[in-house]
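Each remark here refers to the structure printed beneath this line.
Bear in mind the structure is a predicted one, so any value in this text is a computation, not a measurement.
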Amino acid sequence: MMLRPSSLLALVAVVCSLWGTVEASLGDRLPEFRECVQICARENCDPNNNPTHIPFHHRLLLWTCPQECDYTCQHIVTERRVSRGEPITQFHGKWPFVRVLGMQEPFSVLFSLGNLVAHQNGLTKIRHAIPASYPLRRYYELFACFGIATWVFSALFHTRDFAVTEQLDYFAAGAGVLYGMYYTPIRVFRLDRPTPRRRSFLRLWTVTCCVMYAAHVAYLKLWRWNYTYNMAANVAVGLIQNALWSYFSWKKWTESHRSWAIWPGVAVAWLMMVMSLELLDFPPLWGAFDAHSLWHLGTIGPTILWYNFMVKDSQENIANATKEVKA
């Protein structure tokens with residue numbers, strides 16, 4: 001599946017526009033919701049009037065009485081709106097999910113952990129199948145480590161949405177995406193090979209990527225927490241590396257005609273398709289599955305395929321190098 005540049009740009013523009021309005025929610029401005037929260041807090045959260053007990057597993061995840069009231073009223077208002085034939089609305093920039101064991105978005109947590117396991121298994125596969133002497137192995141190991149960190153913080157954020165978990169999720173995701181762009185030209189153009197020109201360019205490229213990430217974090221943390229910019233930056237960086245991998249996949253296929261050579265292209269097309277789920281922002285089915293959770297589910301398959309490609313590609317390079325030495 002090939003996507004034209006105009007289609008990619010349109011997808012980026014729409015996703016960014018949707019992301020930029022994520023905090024503007026009708027639900028928490030509804031008079032009936034505000035009244036419900038006030039009454040609940042007055043009747044259940046007064047420390048001098050026998051406050052309602054909060055279950056231990058909720059307290060473990062730092063749920064407070066006002067937050068319990070907020071959650072309960074979201075679902076009371078949502079049930080009333082559905083019974084009146086009115087659309088489900090978001091509250092505080094999020095759909096009214098049904099909690100599981102105190103987790104705010106349980107299936108986003110589950111699918112984040114699925115991605116984490118895919119990266120962990122990929123790291124194990126790399127260490128077992130690729131010799132430590134292979135120069136690209138360390139870059140692949142770092143790719144797995146960034147992926148593991150990304151999905152750990154994603155799971156934490158979807159478990160409980162606090163300012164600190166949100167920032168850790170965004171910074172880890174940004175680091176993972178930028179590292180993907182960092183190592184892509186190293187493999188595509190074999191910048192790991194020990195020639196003076198390649199070594200000089202690799203040093204420059206390393207410094208450039210470090211500066212870009214530092215500037216990205218500094219802007220978000222010290223200047224302005226900008227959702228639209230964050231999404232645009234990640235999508236732009238992702239599109240650059242996707243374009244490079246599409247080129248690599250086509251070139252490798254024309255040279256070798258090996259089936260695994262098309263795997264990067266398949267993974268890129270797969271990711272672009274599941275990314276379009278972010279355009280289908282719909283209320284969670286059965287209070288559990290929304291477009292964002294399905295996006296997380298959709299990234300597990302390409303991740304597994306990607307590690308299989310890394311191993312096949314490395315083994316091919318090692319075999320070719322061995323043949324050249326024997327010749």
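A side-chain donor-acceptor contact under 3.5 Å links S293 and D290. N234 and Y170 are not linked by any side-chain donor-acceptor pair at a separation below 3.5 angstrom, with hydrogens and angles left out of the test.
Summarising the local packing, CZ of R224 is surrounded by 12 or fewer heavy atoms from other residues, nucleotides or ligands at distances under 6.0 Å. In the displayed structure, R138 atom CZ is contacted under 6.0 Å by at most 12 heavy atoms of other residues, nucleotides or ligands. Crowding of W250 atom CH2: a count of heavy atoms from other residues, nucleotides or ligands under 6.0 Å not exceeding 12.
Residues I186 and L202 meet the side-chain proximity criterion, which asks for heavy atoms closer than 4.5 Å. Here the side chains of T159 and Q104 are not in contact, with every heavy-atom distance at 4.5 Å or above. Contact annotation: the side chain of N317 approaches that of Y134 to within less than 4.5 Å [non-hydrogen atoms, C-beta and beyond]. In this structure, the side chains of S314 and L136 stay at 4.5 Å or more apart for every pair of heavy atoms. Residues R80 and E86 have side chains not in contact (no heavy-atom distance under 4.5 Å, counting atoms from C-beta outward). At a threshold of 4.5 Å between non-hydrogen side-chain atoms, the residues F91 and T89 count as touching. Using a 4.5 Å heavy-atom threshold, the side chains of V235 and M275 count as touching.
Relative orientation of the Y71 and W63 rings is perpendicular, given thresholds of 30° and 60° on the angle between their planes. Using cut-offs of 30° and 60° for the angle between ring planes, the Y229 and H216 rings count as tilted. Relative ring orientation between W260 and F309 is described as tilted, the plane-to-plane angle lying within the 30° to 60° band. Relative ring orientation between Y139 and Y182 is described as tilted, the plane-to-plane angle lying within the 30° to 60° band. Using cut-offs of 30° and 60° on the angle between ring planes, the pair F171 and W225 is perpendicular. Ring geometry for H292 versus H296: interplanar angle over 60°, hence perpendicular rather than tilted (30 to 60°).
Going from atom OG of S112 over to atom CZ of F157 covers 10.0 Å, rounded to the nearest 0.5 Å. Within the model, atoms CG of N44 and NE2 of H53 stand 13.0 Å from one another, a figure rounded to the nearest 0.5 Å. Atom CZ of F162 sits about 4.5 Å away from atom CG of L62, to the nearest 0.5 Å. To the nearest 0.5 Å, the span separating CD on E105 from CG on L110 amounts to 13.0 Å. Rounding to the nearest 0.5 Å gives a distance of 12.5 Å between CG of L113 and CZ of F107. If you take CG on L271 and CH2 on W306, they are separated by 8.0 Å, rounding to the nearest 0.5 Å.
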Going through the checks in order, is the side-chain contact (heavy atoms from CB on, under 4.5 Å) test met by F248 and D313?
CA-CA 12 Å; F248 172 88; D313 181 55; 4.0 Å; yes

Run R160 and E166 through salt bridge (Lys or Arg N to Asp or Glu O under 4.0 Å) and show every step you take.
CA-CA 9 Å; R160 287 293 277 124; E166 180 183 49; over 6 Å; no

Please walk me through it: do K125 and M310 pass side-chain contact (heavy atoms from CB on, under 4.5 Å)?
CA-CA 10 Å; K125 182 176 292 186; M310 285 179 171; over 6 Å; no

Could you please spell out the steps behind the salt bridge (Lys or Arg N to Asp or Glu O under 4.0 Å) verdict for R42 and E35?
CA-CA 11 Å; R42 183 171 63 248; E35 181 182 10; over 6 Å; no

Between Y307 and I126, does a side-chain contact (heavy atoms from CB on, under 4.5 Å) hold up when you go through it step by step?
CA-CA 8 Å; Y307 283 103; I126 285 171; 3.6 Å; yes

Audit row: N230, L220, side-chain contact (heavy atoms from CB on, under 4.5 Å) steps and yes/no:
CA-CA 8 Å; N230 182 74; L220 289 173; 3.6 Å; yes

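Taken together through direct or relayed side-chain contacts under 4.5 Å among Ile, Leu, Val, Met, Phe, Trp and Tyr, V237 and W205 form part of one hydrophobic cluster.
Outside the 6.0 Å centre-distance limit, the rings of F146 and H119 are not counted as a close aromatic pair.
Across all their heavy atoms, L123 and A144 have their closest contact at CB-CB, 3.7 Å. Minimum interatomic distance between P135 and D192 (heavy atoms only, all atoms of both residues): CG-OD2, 3.3 Å. For L244 against P185, the heavy-atom pair with the smallest separation is CD1-CD, 4.4 Å.
A donor-acceptor contact shorter than 3.5 Å is absent between the side chain of E43 and the backbone of Q38. S154 places no side-chain N or O within 3.5 Å of a backbone atom of T150 that could act as its donor or acceptor partner. R137 places a side-chain N or O within donor-acceptor distance of the main-chain N or O of I130, the cut-off being under 3.5 Å. The backbone N or O of F97 lies less than 3.5 Å from a partner atom in the side chain of H75, making a donor-acceptor pair. The main-chain N or O of T64 is never found under 3.5 Å from a side-chain atom of R59 such that the two would form a donor-acceptor pair. For D28 (side chain) and H92 (main-chain N/O), a donor-acceptor pair under 3.5 Å exists by modelled atom type. A donor-acceptor pair under 3.5 Å is absent between the side-chain atoms of T303 and the main chain of N115, judged by distance alone. R198 places a side-chain N or O within donor-acceptor distance of the main-chain N or O of R190, the cut-off being under 3.5 Å.
The cationic atom of R258 (NZ for Lys, CZ for Arg) does not lie both less than 6.0 Å from the six-membered ring centre of W263 and within 45° of the ring axis. A cation-pi arrangement is absent between R187 and W245, since the terminal nitrogen or guanidinium carbon is not both under 6.0 Å from the aromatic centre and inside a 45° cone about the axis.
A salt bridge between R99 and E68 is present, with a side-chain N of the basic residue lying under 4.0 Å from a carboxylate O of the acidic one. Electrostatic pairing of E316 and K312 does not count as a salt bridge here, judged by no charged N lying under 4.0 Å from a carboxylate O.
Judged as a disulfide (SG to SG under 2.5 Å), the pairs with a partner in residues 50-165 (not counting sequence neighbours) are, in order, C36-C73, C40-C69, C45-C65.
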